[in-house]
Visitor: 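Mind looking over this structure? Questions follow.
Numbered from 1 within each chain, the chains take letters A, B, ... in sequence-line order.
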Amino acid sequence: MAAGKPSVSIKDLSLNFGNVQVLQALNLDIAEGEFLVLLGPSGCGKSTLLNCIAGLLDISDGQIFINGKNVTWEEPKDRGIGMVFQSYALYPQMTVEGNLSFGLKTAGLPKDEIAKRIARASEILQIEPLLKRKPSALSGGQRQRVAIGRALVRDVDVFLFDEPLSNLDAKLRSELRVEIKRLHQRLANTMIYVTHDQIEALTLADRIAVMKGGVIQQLDAPQAIYNRPVNRFVADFLGSPSMNFISGQLEGGEKPHFKADGVSVPLDRYAFDKSSAATGACIFGIRPEHIAHGEQAAALPFSREIEVEIIEPMGSDMLVWTKLGGSNLTFRAEAEKPLKVGDRVIVGFDPARASLFDAPTGNRI
Amino acid sequence: MAAGKPSVSIKDLSLNFGNVQVLQALNLDIAEGEFLVLLGPSGCGKSTLLNCIAGLLDISDGQIFINGKNVTWEEPKDRGIGMVFQSYALYPQMTVEGNLSFGLKTAGLPKDEIAKRIARASEILQIEPLLKRKPSALSGGQRQRVAIGRALVRDVDVFLFDEPLSNLDAKLRSELRVEIKRLHQRLANTMIYVTHDQIEALTLADRIAVMKGGVIQQLDAPQAIYNRPVNRFVADFLGSPSMNFISGQLEGGEKPHFKADGVSVPLDRYAFDKSSAATGACIFGIRPEHIAHGEQAAALPFSREIEVEIIEPMGSDMLVWTKLGGSNLTFRAEAEKPLKVGDRVIVGFDPARASLFDAPTGNRI
Amino acid sequence: MILTAVVVFAGGTAWTVLYSFTNSKLLPRFSFVGLDQYYRLWAAPRWGVAVENLAIYGVLSLIFSLAIGFLLAALLDQKIRFEDTFRTIFLYPFALSFIVTGLVWQWLLNPDFGVQAVVRGLGWESFTFNPLYDASIVIYGILIAALWQGTGLVMCLMLAGLRGIDEDIWKAARVDGIPMWKTYLFIVIPMMRPVFITTIVIIASGIIKVYDLVVAQTSGGPGIASEVPAKYVYDYMFFAQNLGQGFAASTMMLLSVIIVVVPWAYLEFGRARRG
Amino acid sequence: TDLEVTHWWTSGGEAAAVGELAKAFDATGNHWVDGAIAGSGGTARPIMISRITGGDPMGATQFNHGRQAEELVQAGLMRDLTDIATKEKWTEIVRPKSLLDSCTIDGKIYCVPVNIHSWQWLWLSNEAFEKAGVAVPKDWNEFVAAAPALEKAGIVPLAVGGQPWQASGAFDVLLAAVGGKDTFLKVYQDKDAAFAAGPEIGKVFKAADDARKMSKGTNVQDWNQATNMVITGKAGGQIMGDWAQGEFQVAGKVAGKDYSCLPGLGLNPMIATGGDAFYFPLLKDEAKSKAQEALATTLLDPKTQVAFNLKKGSLPVRGDVDLNAANDCMKKGLDILAKGNVMPWTDQLMSQDTQKQKEDLFSEFFSNQGLTVEDAQKRFADIVSSAD
Amino acid sequence: MAPAATATRIETGPRGAKPRKTFSRRNIFLYGTLIVVAVYYLLPLYVMVVTSLKGMPEIRLGNIFSPPVEITFEPWVKAWSQACTGLNCDGLSRGFWNSVRITVPSVILSIALASINGYALANWRFKGADLFFTILIVGAFIPYQVMIYPIVILLREIGLYGSLWGLVIVHSIFGMPILTLLFRNYFTSVPEELFKAARVDGAGFWGIYFRIMLPMSLPIFVVAIILQVTGIWNDFLFGVVYTRPDTYPMTVQLNNIVNSVQGVKEYNVNMAATILTGLVPLIVYFASGKLFVRGIAAGAVKG
Ligand SMILES: Nc1ncnc2c1ncn2[C@@H]1O[C@H](COP(=O)(O)OP(=O)(O)OP(=O)(O)O)[C@@H](O)[C@H]1O
Ligand SMILES: Nc1ncnc2c1ncn2[C@@H]1O[C@H](COP(=O)(O)OP(=O)(O)OP(=O)(O)O)[C@@H](O)[C@H]1O
Ligand SMILES: [Mg+2]
Ligand SMILES: [Mg+2]
């Protein structure tokens, strides 16, 4: 949970483009020094939200506070923010160096301070050899790094990153991830970070806000979101490969059970949200990585023999597709274990690790 | 290795921008119906290579054949290619629909055929509600989907994709990945695909070409590249978290050993490239996921007790940082196992799964 | 067609240069007199004045029309209301005949019944604003009218350029805390470089050819104080019926243009087109 | 037959005058196709020359008589009218004879003069002198003497518009009036540079110096704006050709009562025989050539001459016509003409090139008090020496 | 996070869209400047209109700023339908259709040619393009008058002298340098990726030009139209040199009205005629305003 006083605080923020309602009465408090990751499907309004915080879009309603100051009507430059744009927005006629230094020069910083900051940022981002080039002579990833650099050199309270690493290779990305984390720890400034990369989200975030259609669905620590998603959407959206869902019936009473097409899962170890479990149509969700197979599986509270249908290799391990209770079920297996299509194996899981959702509303039970 | 006759064949391709040599005498044969993934660090020339194949850049030297025809001097439109640009390159004045239909109209397709294809592509890409919008009213991911759609609707022999999914959320990405794979199976056309996402590379590719500085380092099936990287660069580049490297000495003879700072790894199970192992400075590489810990580890040919230094949670599991032979060593552990910083655990691995590189050249031994 | 154009321009230029070495009068005639026409040209006090005027007028008009035109375009680009109206107001002088433009400004600047008279009529007796009848500043009087007529077009060109700039660049600059004027100066203007080049060529070619306005406003007066080279060319070709002299003068003009344009063009177009 | 006639007579009175020509020509069974182009010779001439050299000549075209069309004639593009001229005895009817001389090149006649415009008039505002409390001057010297009084009354003594030809014309008038006809011819006809540098001309320059001092404060460009100053009494007088008369008439002023005119500045009553003439390009079309002849005849027809010149405000080229309708000033002109006090004007004597250089000099002289009389005269002599 | 606290916290200060105050300092400065400048631009027009509504006697009285005591539309009527070109006294109306017939094809032809040239020069580099272009630019600086005679000869040789098409060609040639430059430089600023994408999409030279480049360069087309309509509509020199009396444009009449050296100058008619002549370009200016689209390439590419 957020610690300290809020650094960025958003109240009832709404925004329309014409009659397209993009953000709807959105509330969000971000603590000082917090690292908040915005996650959500494409087009859900993440960039729009960042733009609103930055003051680049005229909001329709609501208020925005930064460091306790109402900045709703402030100019972007007076908000103490730095931003990396999804579209980079580099100044095309300036060299990389010019792009990095321009804001600083304008702010009237001394020359050697500017040089120092640029040196540091370009070292972190590995763009030293490119400093004299213009953006048009850079590759996509190089442009993206310059865009990050432009934000990094600024000494601000709040950083807004819009998918800053999307065009970088995995290696560089993990390096920069570590750098950003380190930077965050050192500077202790607030960061709001949009990403589609779950690893990024989970490793970087203090809290994650999952958005859908302009509304925040869940705002919580990464593990909490991962383990206890508040609704089916969040459960489905996070995790890759994504959670397995099985539709069925919840049978309440003393010994609650989940029933579907020949399967019955005992739920006594499951932590219901409400004190007692209701009865009715529901969806049972279990993450692929929580499904064991082989000997380990047999020992678990629920286990079943199934047939392997598809195998997807994934480098270090493989994804196995099978069926359970009439729905698809996938789980991970180590690449070396000799599983083949058509094999029959025992799979099992601990229902305590599962999530149950009400079928009509999709909310967690 | 490539099966069937080559669909795209590149001979001694070189390209300079002024005095920046971007591609250097590059050779590549892509079989008909093959799915080739280009991997490589940012700025290594992937986009440039695609542009050359498409005929959008004037090459400095070399030849390009598509379907056996020398197209080195052909116009892009005569090469039978479709392309998704890293920078989208949507036509700003046309609606999404116009963007999708432009190529088809140009080709003179009948109206209903065009409508059919657009309907299909927009369904796959989930952009039906956006068909009447202009690109400026789309989010980053939506634009990217339109860019993909523009290539998909075209019925061509060779598809060129330049990081087509980089701005999409994980869920959509995995869906589209499946769609692209399916499309590929159905159309059986050749695909050349640039990505930074390893999962994408490993799940989609028939073969992967790993590039660095305009030169192809290794061209092989995904598992081969993953398990037997030809040099340290490839080993390091692939896999996330990346391979652990330990510098030391190779001691040859009857019973070859790897020695570093108090560690000695027996290499009798290691498959040397050359019949006999040379002696000298070398680097020992082992992937994090090949390192076991706890009870399993003790049984492996090499094991050692170490101290946990850092823990990085990664959703389903966690990354554990420790030290071995004076170098960093990371490995994966399940998130639930109660490992804490400062814990001492036994880790171990099978040297058969390791890779050994010559220290000066970086080549596999 | 474009080839025709090039041939016409190249051919016409060559023809002009060739005949500048003759003493053609009313009709072009091949009777070579060597550099006589040039000696006479540079001996004529009027030509000297004309060249000097062109230099002053050219530099000032270039600077001011760019500055004013850009400023107006920037103002109009602020998502203001009545943009169309303002734009048309700034542009309309461009549609009017030079002759009448000259006449109206001649009136407005006339000390006896123009602006000066009005201001004096308001009680400010010592007010003097008499550019057209003071030889030392007459060229500025012409400049005022020229700017009035020409800046609208510059504004339009600039506006067209501004409209091509991606909004994200503006956003980035706003976040960077770069003041508006600096964004224009250091980001937008460099991005509009091609537009500026176009504009400069258009303005410059207009400057070189400036003729009608001077005729209409001052007839080159007082005396010869506001003469310009194009008028010299015109007067000698058609009033004085001395084609050779006119050609010599226009060759000098072309020569100076070529001296400026050709090296620049090679710098500009000779190097890689993009980047 | 349709015959296209180009000219630059476009203002109200001029057009009406052209209308008379057209009417008379149409009466011969032909048709006058009007091709008017305004803006003085400088605008119209290149157009006409282009047409003629471009192989698309008109049927007839106006030029000032003098040397403007010389080269076209030499290039063989113009029609030789000698036959018609002899047949119709132009040499006898055209008066003064010098007019026809300027149409003659190598003994052949190439043009038909239609009118006489004279430059040498000083127009005076009676009202202005009344206001200044001095009598209306009778000649240039009195005028110069009255100048201080006018100035005191806030009146510009002499209005000289900003266009170069006005200054140059004023000087030529002074030269003819102060120096006399012979001096004028010695300079402009004989092109005697030494004489031009001499004391005789120095006197003229002295007078011109007076003139430029008197003209200070003429803050107008157009000649008619300057005339308007005289009409409204803002200026004492103006040296201008007979066309200025039209302005006074339109303003409803009466000669002798509201304004006075002094031909030859009252010193040397002379009329210069400048004016307009028609030239006929050589045409291939037989019928059109016939029509050209008809036009040539019509132009010199007495009735046409009267009708035309009354409207135009100029003097007819025939002495045998009757101009009762003429006003006071015009009659003065006719008188002088009748006495034979005529002289050729600069158009006839010098090339346009030389005249242009002269214009440059005098427009500078009149506006730039810093240009001394001596320097100006020296430059004048230079021009004369190289004149052709 | 504490939702309850959020709800109860007293929310003060700015909320919602920043109100656009009508009299903010920015607006006062902005509109103030615009209005002041507009007055400067309108002053001469005021003088022209006022003058055109006065009778000649009133004009002779001399105050150019005073509104007309007696408004008369006589000058307008005269300028439009009575003023004489020599003998033809039907005013500007006479040349109006000629002007239209000259302007429309000339504008279309010159802009079409120049935009295609500019496009070819910007996107399809060919050998000698630079030299070619340089000559063209130098051509922009040649005074028109100097070219009159060579062109007369040229037109005579191709047999178009005196015809409307001859004039159209002349206008196109003289419009070429500036317009080509205009288009070329604009097209270079269009993101290159778009051009690439269209080539991959199978569009050829013309396809790309018409479907991609053209719609993306509306503002510059407006500028080109403004330039050409004004230039050609107001052209006098070529119109009169390269046509015959029956095809004279209306500027010849305008010239005849305002440019008479001798005889009476009717300033009111001059002013009316000038305004009348300028009306067509003015209408074009106003009508083309909608084409000044903002952010024309927005969303095209990232980066
Ligand atoms: N116009 C140019 N002039 C000079 N160098 C250029 C130009 N365009 C690209 N480069 C350089 O060429 C190299 C290859 O660029 P390319 O776009 O092919 O990289 P890439 O592999 O696609 O990288 P990324 O993954 O970041 O998109 C880069 O180092 C880039 O800086
Ligand atoms: N100018 C506009 N007019 C209308 N709708 C718009 C406009 N700009 C954006 N939208 C819509 O607003 C929604 C939110 O856009 P936004 O850019 O915030 O998405 P996002 O969450 O950043 O998505 P992505 O991850 O794909 O970048 C999208 O559905 C988009 O189509
Ligand atoms: Mg976005
Ligand atoms: Mg790339």
Side-chain angles (χ1 to χ4, degrees), chain C residues 23-29 36-37 40 43-47 49-50 99 102-103 105-107 109-114 116-117 130-136 138 211-212 214-227 231-232 234-246, chain D residues 38-47 49 52-53 67-75 77 156 160-167 212 216-222 225 229 234 351-371 375 379 382-383 386 388:
Chain C
N23 65 354
S24 301
K25 295 282 178 199
L26 179 64
L27 295 178
R29 264 195 324 213
D36 278 9
Q37 298 285 14
R40 175 171 155 193
R46 179 175 157 184
W47 176 252
V49 173
I99 303 291
L103 185 64
W105 278 101
Q106 184 190 312
W107 288 358
L109 300 179
N110 189 299
D112 297 334
F113 46 84
Q116 176 180 313
N130 183 16
L132 292 190
Y133 298 93
D134 181 338
S136 54
V138 63
Y211 166 76
D212 306 39
V214 176
V215 172
Q217 251 187 300
T218 64
S219 307
I224 54 170
S226 59
E227 289 293 344
K231 184 162 179 289
Y232 188 92
Y234 196 90
D235 281 355
Y236 275 89
M237 281 180 71
F238 300 129
F239 283 93
Q241 298 183 354
N242 185 345
L243 288 180
Q245 179 70 171
Chain D
S40 82
T43 314
R45 247 179 271 137
I47 295 159
I49 294 168
I52 295 169
T53 53
R67 302 177 44 187
Q68 291 173 352
E70 219 171 66
E71 286 190 47
L72 289 174
V73 172
Q74 281 160 5
L77 293 168
V156 179
V160 179
Q163 293 160 330
W165 60 271
Q166 296 183 47
R212 79 168 165 183
K216 235 173 116 186
T218 317
N219 289 328
V220 293
Q221 286 298 324
D222 292 347
Q225 283 175 315
M229 289 175 73
K234 284 187 201 134
S351 72
Q352 293 288 317
D353 192 13
T354 310
Q355 293 203 57
K356 187 72 214 162
Q357 292 178 51
K358 206 157 60 67
E359 270 179 24
D360 291 349
L361 171 61
F362 287 110
S363 71
E364 190 179 352
F365 179 76
F366 267 82
S367 71
N368 181 1
Q369 310 283 339
L371 179 57
D375 287 348
R379 276 168 59 183
D382 284 347
I383 292 170
S386 66
D388 55 359

Visitor: So for D:Ala75, is it side chain, backbone, both, or neither that comes closer than 4.5 Å to the heavy atoms of chain C?
Guide: side chain
Visitor: For D:Asp360, which atoms come within 4.5 Å of any heavy atom of chain C: side chain, backbone, both, or neither?
Guide: both
Visitor: What part of D:Ser386 gets within 4.5 angstrom of chain C, counting heavy atoms only: side chain, backbone, both, or neither?
Guide: neither
Visitor: First locate atom CG of C:Asp235, then atom CD of D:Glu359, and finally report the distance between them rounded to the nearest 0.5 Å.
Guide: 8.0 Å
Visitor: So, taking the atom named NZ in D:Lys356 and the one named CD in C:Gln245, what distance separates them when rounded to the nearest 0.5 Å?
Guide: 12.5 Å
